[in-house]
Enquirer: 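Got a structure for you, written out below as structure tokens; questions coming shortly.
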Amino acid sequence: MKKAKNKHDTNSVVEKLYSIGQASRKLHLSSPTLRMYEHHGVLIPYKTKSGRRYYSDADIERVQCMRHMIKDVGLNLEGIRRLFALLPCWEIKQCSKKEREHCPVYLDSSKPCWTFKRVTCRKDSMDCKTCEIYLMSSTCTDRLKTILRGIGYLQAE
DNA sequence: ATTCTAACA
DNA sequence: TGTTAGTA
């Protein structure tokens, strides 16, 4: 979600960000809970150099989706993590057979691609918060639901 | 005033 | 999940 900047920067856009306090109030949950989600590898907030967390609108929606999965689908955080681990990034990024054979993400479906340290297809300059794989799992609608249905985790509607 | 980590109830 | 301690 982008928003026009103020009069000092009329040409650029900036993402709206929320501190952990603002985000937790917006989501009606506690800040330790947001930190716990992060600890489990299912949420990646921005971090300042001093370590302060900032959450985007995509992060807010991501948490709302996960709350839905917990409340209505019956998953726990481990289940959500393993669900994200099943996102076939090697298909979406169309990695070659050769690349797959050496990719830890392809060889280990136990954790999400963004929790791996070094992945060859991931440029050093590219962080997982802006990667399409992480972003596509931010919403409960569209592609993620399609994938979840495809692997039998959600009923067809 | 707010958030951080880590440990613990 | 929440709370506490000692910081930054």
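Below, read A as the first sequence line, B as the second, and so on, with proteins coming before strands; counting in each chain starts at 1.
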Enquirer: Cation-pi check for A:Phe116 against A:Lys111: NZ or CZ below 6.0 Å from the six-membered ring centre and within 45 degrees of the axis, yes or no?
Expert: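 The answer is yes, since A:Lys111 meets both limits relative to A:Phe116.
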Enquirer: Would one find a side-chain N or O of A:Ser19 under 4.0 angstrom from OP1 or OP2 of B:dT2?
Expert: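 Indeed not, no polar side-chain atom of A:Ser19 lies that close.
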Enquirer: Quick one: does A:Tyr134's side chain get under 4.5 Å of A:Leu43's, heavy atoms only?
Expert: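 Of all side-chain heavy-atom pairs linking A:Leu43 with A:Tyr134, at least one is under 4.5 Å.
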Enquirer: Return the value, rounded to whole Å, for the distance between atom CE of A:Met36 and atom C1' of B:dA7.
Expert: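 Value for this atom pair: 16 Å.
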Enquirer: Can you tell me how far apart CD (A:Glu15) and CG (A:Asp59) are? Round to the nearest 0.5 Å.
Expert: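 Those atoms lie 7.5 Å apart.
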Enquirer: When you match A:Ser50 and A:Ile70 each to their closest nucleotide on DNA chain C, which lands nearer the 5' end?
Expert: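 It is A:Ile70, whose closest nucleotide lies nearer the 5' terminus.
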Enquirer: Counting any heavy atom closer than 4.0 Å, what does A:Arg25 reach on the DNA or RNA strands: base, sugar-phosphate only, or nothing?
Expert: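 A:Arg25: no heavy atom of the nucleic acid under 4.0 Å.
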Enquirer: Does NZ or CZ of A:Arg62 come closer than 6.0 Å to the centre of the six-membered ring of A:Tyr55, within 45° of the ring's axis?
Expert: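 Because its charged atom misses either the 6.0 Å distance or the 45° angle limit, A:Arg62 does not stack over A:Tyr55.
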Enquirer: 5'-most contact on DNA chain C: A:Leu77 or A:Arg52, nearest heavy atom basis?
Expert: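 Whichever sits nearer the 5' end wins; that is A:Leu77.
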Enquirer: Nearest whole Å is fine: how far is B:dT3 P from A:Glu38 CD?
Expert: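 Atom CD in A:Glu38 sits about 14 Å away from atom P in B:dT3.
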Enquirer: Distance check needed: C:dT1 P versus A:Met66 CE, whole Å only.
Expert: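 So the two atoms are 11 Å apart, to the nearest Å.
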Enquirer: Should A:Arg35 be listed as having a side-chain N or O under 4.0 Å from OP1 or OP2 of B:dC4?
Expert: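 Yes, A:Arg35 has a side-chain N/O under 4.0 Å of OP1/OP2 on B:dC4.
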Enquirer: Could you check which of C:dG2, C:dT1, B:dC4 has an atom nearest any side-chain atom of A:Tyr37?
Expert: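 Closest nucleotide to the A:Tyr37 side chain: C:dT1.
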Enquirer: Taking CG from A:Leu34 and P from C:dG2, how many angstroms apart are they, rounded to a whole number?
Expert: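 In whole Å, C:dG2 P lies 10 Å from A:Leu34 CG.
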Enquirer: Roughly, in whole Å, what's the span from CD in A:Gln22 to P in B:dT3?
Expert: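 Going from CD in A:Gln22 over to P in B:dT3 covers 7 Å.
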Enquirer: Think A:Thr33 has a side-chain N or O under 4.0 angstrom from the OP1 or OP2 of C:dG2?
Expert: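 So the side-chain polar atoms of A:Thr33 do come within 4.0 Å of the phosphate oxygens OP1 or OP2 of C:dG2, strictly under.
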Enquirer: Taking NE2 from A:His28 and C1' from C:dG2, how many angstroms apart are they, rounded to a whole number?
Expert: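 One finds 18 Å between C1' of C:dG2 and NE2 of A:His28, rounded.
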Enquirer: Passes side-chain contact (heavy atoms from CB on, under 4.5 Å), A:Cys89 versus A:Met136? Steps please.
Expert: CA-CA 11 Å; A:Cys89 71; A:Met136 73 180 289; over 6 Å; no
Enquirer: Starting at OH of A:Tyr46 and ending at P of B:dC4, how long is that distance when rounded to a whole Å?
Expert: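 Interatomic distance, OH of A:Tyr46 to P of B:dC4: 16 Å.
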Enquirer: Look through every strand shown and name the nucleotide pairing with C:dT7 as Watson-Crick or G-U wobble, where both distances are under 3.5 Å.
Expert: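 Pairing partner, where one exists within any strand: none, as none qualifies.
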Enquirer: Round to the nearest Å and state the distance from A:His40 atom NE2 to C:dT1 atom P.
Expert: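 These atoms are roughly 9 Å apart.
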